[in-house]
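Report on the following structure.
Side-chain atoms are counted along with the backbone in the values below, which use heavy atoms only and exclude waters and symmetry mates.
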Amino acid sequence: MFLLTRVVKVADVKIRYRLAAASVVLMVAASVGLAGPALADRVVTIDGGGFGHGIGMSQYGAYGRALEGRNSTQILEHYYTGAKVSEREMPESIRIGLYPGYGASTKSVSFSSKGMGDKPGTVALIVADAKERLTDGDAGTSWRIEAASSGGVNIFRNGHQFKKDGRTVFGDGAHPVIVKYAKFDSLLHINEKNNDFRYGEMDIGSFRCSSGRCLRVVLDIPMQKYIYG
């Protein structure tokens, strides 16, 4: 029988367990002549960190096992008990929905860009399946895309609505506006997410929702590049 006390220090995620023998154990130990130091208080300190949900494979744990020389098969089979690793053909790219998500929807999204190294931070906007780009801009250009009430989207460049050939609405449900940045070695910063995206491209289109028209923002990214993150 042991008394278990846990102390959590949030600053460095340090967990300390103090194991104290109950008095009844001490009495039994004394009766059989066990040495006192063998039952003295012991402190076990476990240092760690991270923000996980405790399900599946831990990134920190996998990294630590890799440093110890475990290969990918050993790591996967450790975390997924009973699983057997085999090769399968993977898709060239995957699509990850950024909006809508977690029960929320949005009618607009804003973003900017910056270059890596000496690159100017160019982004280009084009309608899916079109041959010509709509417009482009370098770092310092601010963008906002809004769902248009008639379908498609409106584009705002540095606060001014973008027009081309007299049109202000671009794309439709089947043909979103694509924001290209990776091919220009640019980082795309989405303000609402407060994240920088280096790989892939963004597909931004509108769809009918309970409040009229909402935006759907999808990251289209090569599988290997997704694994990087």
Side-chain angles (χ1 to χ4, degrees), residues 2-20 41-104 109 111-124 139 178-204 216-229:
F2 290 90
L3 302 178
L4 179 62
T5 302
R6 182 178 68 179
V7 178
V8 179
K9 185 178 179 183
V10 177
D12 58 358
V13 199
K14 178 173 292 186
I15 302 173
R16 170 171 293 187
Y17 290 92
R18 178 175 294 276
L19 302 178
D41 285 358
R42 290 186 300 163
V43 174
V44 179
T45 301
I46 303 173
D47 291 331
F51 303 90
H53 43 61
I55 301 174
M57 183 172 63
S58 161
Q59 285 184 313
Y60 290 108
Y63 178 61
R65 289 179 177 274
L67 292 178
E68 292 180 353
R70 309 294 197 279
N71 60 37
S72 58
T73 297
Q74 292 172 320
I75 293 172
L76 287 169
E77 291 182 348
H78 169 81
Y79 284 101
Y80 299 98
T81 305
K84 296 298 179 183
V85 177
S86 60
E87 292 187 3
R88 290 289 187 273
E89 289 293 328
M90 300 301 294
E92 182 177 343
S93 64
I94 60 174
R95 294 172 58 80
I96 303 171
L98 302 182
Y99 287 111
Y102 302 104
V109 63
F111 54 91
S112 59
S113 64
K114 56 185 176 182
M116 293 185 291
D118 59 352
K119 302 297 182 180
T122 302
V123 298
I178 301 174
V179 182
K180 295 182 176 290
Y181 50 92
K183 65 180 297 183
F184 304 111
D185 293 322
S186 300
L187 295 177
L188 186 74
H189 181 83
I190 296 183
N191 297 332
E192 290 77 6
K193 290 289 186 181
N194 196 27
N195 280 343
D196 290 336
F197 294 85
R198 178 175 180 178
Y199 302 111
E201 58 188 30
M202 291 291 171
D203 295 357
I204 304 177
R216 177 177 289 111
V217 182
V218 178
L219 171 62
D220 192 319
I221 185 171
M223 174 62 82
Q224 188 63 40
K225 297 299 191 296
Y226 172 71
I227 294 175
Y228 288 173

For Asp220 against Ser93, the heavy-atom pair lying closest together: OD1-OG, 3.3 Å
In this structure, NZ of Lys193 is separated from CG of Leu219 (nearest 0.5 Å) by 11.0 Å
Ring of Tyr228, cation from Arg198 - is the NZ or CZ under 6.0 Å from the centre and inside 45° of the axis? no
So, for Ala139 and Lys114, which heavy atoms are closest and what is the spacing to 0.1 Å? CB-CA, 3.9 Å
Using atom types as modelled and distance alone, determine if a side-chain donor or acceptor of Ser186 lies under 3.5 Å from a backbone N or O of Thr122. yes
For the student: nearest non-hydrogen atoms of Ile75 and Ala66, plus distance: CD1-N, 3.9 Å
Least distance between heavy atoms, Tyr80 atom then Met57 atom: OH-N, 3.3 Å
If you apply the rule side chain to side chain contact (heavy atoms under 4.5 Å, CB included), what do you find for Phe184 with Lys119, and how did you get there? CA-CA 8 Å; Phe184 304 111; Lys119 302 297 182 180; over 6 Å; no
Leu76 CG to Asn71 CG distance, which is reported to the nearest 0.5 Å: 9.0 Å
Which heavy atom in Thr81 sits nearest to a heavy atom in His78, and how many Å separate them? OG1-O, 4.1 Å
Point-to-point distance, once rounded to the nearest 0.5 Å, from CZ of Phe111 to OH of Tyr181: 10.5 Å
Separation between CG (Leu98) and CG (Asp203), nearest 0.5 Å, reads 10.0 Å
